[in-house]
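Computed from a predicted structure; not experimentally measured. Numbering of ligands and ligand atoms starts at 1, following listing order. Residue numbers run from 1 in the order of the sequence given.
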Amino acid sequence: MRQFEAAADHLALKRGIREYLAAPNRELVVHFPVAMDDGTIRLFTGYRVHHSTVLGPTKGGIRYSPEVRLNEVRALAMWMTWKSALMHLPFGGAKGGVACDPRQLSRDELQRLTRRYASEVSPLMGPKSDIPAPDVGTNAQVMAWIMDTYSMHRGYSVSSVVTGKPIVIGGSVGRSDATGRGIMIITREAARLRSIPFAGSRVAIQGFGNVGEAAARLLHEQGCKIVAVSDIDGGVYNPDGLDPRAVLQHLRTARTLTGYPGAQPVSPAKLLELPCDVLIPAAIEGQITGENAGRIQAGIVVEGANGPTTPEADAILADRGIPVVPDILANAGGVTVSYFEWVQDLQSYFWTEQEINAHLERLMVSTFARVAALAQERRMTLRTAALIVAVQRVADALMTRGIYP
Ligand code: GLU
């Protein structure tokens with residue numbers, strides 16, 4: 001909300017428009033039972049929030065985490081509105097979630113929870129109305145169950161109702177790496193802007209899931225030195241660089257990052273304060289705060305997660321001359337390729353990986369250039385510039401459509 005208010009101030013938005021854009025359009029809270037493997041029944045709480053429908057059907061991920069709350073889902077839904085608007089995608093913003101710890105659930109429990117949640121929120125879901133995707137704690141398999149549940153209710157297969165699906169049921173090539181690929185492209189562009197040589201630059205990444213792992217791998221392929229990575233349980237640091245593929249292999253067999261040969265352990269919090277050229281928080285929100293922002297040693301921060309930097313930290317980093325490439329730009333590769341997936345499903349005509357990556361590259365590069373130019377011209381942070389472009393676009397569309405009735 002504070003980020004939005006800052007952009008709204010710059011744009012001098014009229015009060016009614018400001019109030020309308022600040023509030024979610026609709027919110028659904030569901031409490032539903034799941035039969036557990038041990039024969040007991042547990043009640044779960046889930047959410048789906050549509051922040052804005054001005055630019056098109058709503059788009060945004062579904063998160064499974066014990067921390068999921070309505071206010072968090074609201075904030076994440078609003079960020080999706082700005083992210084899609086910034087990237088010129090024909091979507092409004094949404095987010096969903098279930099308060100649960102997916103690591104404590106068996107595969108069968110996860111499937112039952114997913115199918116019941118999908119049934120409960122199905123009044124809000126549809127290929128022309130609201131299209132979910134993966135987020136923290138969910139993956140392509142979860143999307144497959146949602147697609148199947150929705151399709152069973154309809155009586156025919158509707159692949160375009162979710163994105164981030166497995167390729168065999170209408171998913172897109174390039175989608176699983178898309179957020180990480182977008183981060184790689186944005187890091188390259190931001191490094192150029194700061195005159196930091198991209199190849200050989202030292203990168204620390206908090207989060208080693210769908211976003212952080214792909215970003216690490218793709219940046220490593222471009223010659224960057226991945227000095228540290230971490231997940232929820234801990235991390236590893238080697239100033240001479242890590243091989244992300246070997247780290248992933250280690251994680252798969254040891255089920256933990258720690259113990260990776262030739263690296264020192266580092267906590268996810270301490271990782272943020274390591275000396276590096278690029279810091280990529282790619283886990284969850286609220287990691288760089290007023291408390292630790294003064295100790296960040298990176299040359300640039302590239303937000304892989306949504307909302308990893310608090311407004312207090314933003315002010316400190318700006319004062320210290322450390323640019324932050326905001327989430328709605330830096331991690332927009334995911335929703336951008338989700339858009340490509342949705343278009344392919346609607347047309348039942350599929351593109352090659354080369355085509356996907358070329359379109360993604362073009363959109364990320366041009367959007368970065370537009371935001372960087374505005375930030376420089378108006379002497380503002382990249383975050384404020386990105387938000388101004390996005391909020392302006394939604395406000396323009398809103399005024400052009402007019403207020404109903
Ligand atoms: N969960 C991702 C995000 O926060 C992707 C959303 C999507 O593809 O709809 O951007």
> So, for Thr309 and Gln3, which heavy atoms are closest and what is the spacing to 0.1 Å?
Replying inline: O-NE2, 4.2 Å
> For ligand 1, which part of Arg175 has a heavy atom less than 4.0 Å away: the side chain, the backbone, both, or neither?
Replying inline: side chain
>> Distance under 4.0 Å to a non-hydrogen atom of Lys83: what atoms of ligand 1 satisfy this?
In response: 3 (C), 4 (O), 10 (O)
> Where does Arg63 meet ligand 1, judged by heavy-atom distances below 4.0 Å: at the side chain, the backbone, both, or neither?
Replying inline: neither
>> Given Gly60, Pro134, Gly334, identify the one with the heavy atom nearest to atom 2 (C) of ligand 1.
In response: Pro134
> Which is it for Leu105 and Leu113 under the side chain to side chain contact (heavy atoms under 4.5 Å, CB included) test, yes or no, and what are the steps along the way?
Replying inline: CA-CA 9 Å; Leu105 300 172; Leu113 177 141; 4.1 Å; yes
> Is the gap between the ring centers of His359 and Trp351 under 6.0 Å?
Replying inline: yes
> In the protein, what heavy atom is nearest to atom 8 (O) of ligand 1, and what distance, to one decimal place, separates them?
Replying inline: Ser338 OG, 2.6 Å
> Should the pair Tyr117 and Phe32 be assigned to parallel (<30°), tilted (30 to 60°) or perpendicular (>60°) ring geometry?
Replying inline: tilted
> Which atoms of ligand 1 sit under 4.0 Å from any heavy atom of Lys95?
Replying inline: 1 (N), 3 (C), 4 (O)
> Given that the side chain starts at C-beta and the backbone is N, CA, C, O, which of these parts of Thr179 lies under 4.0 Å from ligand 1, counting heavy atoms, or is it both or neither?
Replying inline: neither
> Hey, what's the ring geometry for His250 with Tyr260, parallel, tilted or perpendicular (30° and 60° as the breaks)?
Replying inline: perpendicular
> Please state which protein non-hydrogen atom is closest to atom 9 (O) of ligand 1 and give its distance, to 0.1 Å?
Replying inline: Lys59 NZ, 2.8 Å
> Are the side chains of Lys83 and Asn306 in touch, meaning some heavy atoms are under 4.5 Å apart?
Replying inline: yes
>> Tell me the protein heavy atom at minimum distance from atom 7 (C) of ligand 1, and give that distance in Å.
In response: Ala133 CB, 3.3 Å
> For ligand 1, which atoms sit closer than 4.0 Å to a heavy atom of Met80?
Replying inline: 3 (C), 4 (O), 6 (C), 10 (O)
